[in-house]
2 protein chains.
Amino acid sequence: MELKEAKDKFIHTWGTLATQWGINRTMAQIHALLLLSSKSMNADEIMADLQISRGNVNMNLRDLMDWGLIYKQLLPGERKEYFIAEKDIWKVAKQIAKERRRREIGPLIEAMEDLKEGIQPDTAEKEEFLKIVNDISKVSVFADNTMTSLLKSDENWLINNFIKIFNK
Amino acid sequence: MELKEAKDKFIHTWGTLATQWGINRTMAQIHALLLLSSKSMNADEIMADLQISRGNVNMNLRDLMDWGLIYKQLLPGERKEYFIAEKDIWKVAKQIAKERRRREIGPLIEAMEDLKEGIQPDTAEKEEFLKIVNDISKVSVFADNTMTSLLKSDENWLINNFIKIFNK
DNA sequence: AAAAACTTTCAGAATATTTTGAAAATTCAA
DNA sequence: TTGAATTTTCAAAATATTCTGAAAGTTTTT
């Protein structure tokens with residue numbers, strides 16, 4: 001079956017790419033599976049579909065909720081918990097970008113601030129060191145602000161498309 | 001010694017953060033060491049400084065050169081190869097962003113194109129699938145273009161700072 | 001051409017991350 | 001309550017990644 005094949009390829013590809021960008025394979029595969037599923041799924045269905053253990057499913061569903069990529073759905077008359085993915089890909093991308101900003105840029109800014117505080121620029125050597133720390137600090141604050149701007153409102157999509165066009 | 005301590009903390013922190021964003025610890029530590037070093041260093045010096053093997057040093061120096069973060073320097077009268085880091089942090093950030101765009105977004109765009117080609121929208125199910133693939137395609141092309149715009153010229157730094165200010 | 005100085009490679013070892021699955025905890029219906 | 005259904009936890013096992021170090025490869029000097 002052609003569609004089934006394409007869906008499997010999608011799930012597999014999503015999982016492989018995810019490892020490239022620091023997200024674990026199974027989490028990405030569960031996400032892909034839910035993205036493609038028109039109805040919400042429970043843990044047993046996901047286990048059967050991806051052939052993975054209950055513990056693994058549970059843990060990664062939790063992480064996906066932390067990332068804001070899936071939602072828990074309680075179906076009336078059902079004991080089991082069901083999960084459904086955010087289908088608006090623009091929202092998905094925003095969530096991922098937001099989370100990565102938090103994880104990747106935040107700690108960097110903090111670490112540089114800590115280093116700045118510990119050192120006084122009383123020798124040339126120390127000044128040199130502080131120059132680098134300060135530069136990294138500036139660039140990471142800039143990156144953080146840029147991300148925030150891009151994410152703050154969907155209007156920025158438009159603004160940036162303009163910038164893109166003007167730079168062509 | 002206070003500065004030595006701060007430098008060690010910098011190297012250690014850089015290494016830890018790097019794992020968070022998909023780069024290996026040793027590569028980041030070598031990069032940090034070279035960033036802080038006013039003169040270029042050879043493999044033996046790096047081995048001694050970070051207490052790691054020759055093979056490890058060699059491999060990661062190679063990767064750092066691939067990333068465009070360090071340069072090889074041949075000193076007159078010296079047999080050994082010396083390495084020096086790019087000190088302009090804005091350039092460093094651009095290089096990292098460029099490389100990550102290439103590694104993270106490129107393959108995603110390709111994968112979605114492949115999936116699109118394999119499926120005809122002749123059933124509702126297939127249309128639904130193609131909708132998702134197309135949306136991901138669009139968002140990733142957008143992300144790619146945005147990155148490219150940001151990197152293309154340093155003027156974009158200014159433009160984005162304006163955007164940032166206007167959004168405050 | 002041989003030897004010395006240095007760099008690269010890569011199989012196996014060490015380390016780190018992910019996964020399993022069964023036990024413990026929780027929730028809910030009766 | 002009790003107990004069946006379901007979810008969560010976590011130590012041990014499986015897997016994946018990184019690192020080592022010695023052997024092989026290169027380049028330069030003599």
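Here is the naming used below: chain letters follow the sequence lines, and residue numbers restart at 1 for every chain. These numbers come from a predicted model, not from an experiment.
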Legend entry - Candidates C/dT19, C/dT7, D/dT8 - which lies nearest the side chain of A/R62: D/dT8
Legend entry - Salt-bridge present (B/D135, A/K87; N to O < 4.0 Å): no
Legend entry - For atom CE of A/M47 and atom C1' of C/dG21, their distance in whole Å: 9 Å
Legend entry - Phosphate-side-chain proximity, B/T26 and D/dC19, N/O vs OP1/OP2 below 4.0 Å: yes
Legend entry - Separation of atom CD in A/E78 from atom P in D/dA5, rounded to whole Å: 14 Å
Legend entry - Along DNA chain D (nearest heavy atom to each residue), the more 5'-positioned of A/N56 and A/T19: A/N56
Inset, instruction - Figure out the CG/C1' separation between B/L74 and C/dA5, and round it to whole Å. - result: 14 Å
Inset, instruction - Take the protein atom CZ of A/F83 and the nucleotide atom C1' of D/dT6, then report the distance between them rounded to whole Å. - result: 11 Å
Inset, instruction - Look at the aromatic rings of B/F10 and A/F129 and report parallel, tilted or perpendicular, splitting at 30° and 60°. - result: perpendicular
Inset, instruction - Rounded off to whole Å, could you give me the CD1-to-C1' distance for the B/I52 and C/dT15 pair? - result: 15 Å
Legend entry - Out of C/dT8, D/dC19, C/dT20, whichever nucleotide has its closest atom nearest the side chain of B/N58: C/dT8
Inset, instruction - Ignoring the backbone of B/R79, work out which of D/dT9, C/dA5, C/dT7 is nearest its side chain. - result: C/dA5
Legend entry - Distance in Å, A/L130 CG paired with A/M112 CE, rounded so as to fall on 0.5 Å steps: 11.5 Å
Legend entry - 5'-most by nearest nucleotide on DNA chain C - B/G55 or A/G55: B/G55
Inset, instruction - Indicate yes or no: at least one non-hydrogen side-chain atom of B/I46 is less than 4.5 angstrom from one of B/D49. - result: no
Inset, instruction - Take the protein atom CG of A/L50 and the nucleotide atom C1' of C/dT18, then report the distance between them rounded to whole Å. - result: 15 Å
Inset, instruction - Quick one: sort the A/H31 and A/W14 rings into parallel, tilted or perpendicular, breaks at 30° and 60°. - result: tilted
Inset, instruction - Quickly work out the A/K72 NZ to C/dT27 C1' distance and round it to whole Å. - result: 11 Å
Inset, instruction - For A/R25 and for A/D44, find the nucleotide of DNA chain D with the closest heavy atom, then tell me which residue's nucleotide is more 5'. - result: A/D44
Legend entry - Side-chain N,O (B/N24) to OP1/OP2 (D/dC19) below 4.0 Å: yes
Inset, instruction - Would you mind reading off the distance between A/R54 atom CZ and D/dT6 atom P, rounded to a whole angstrom? - result: 9 Å
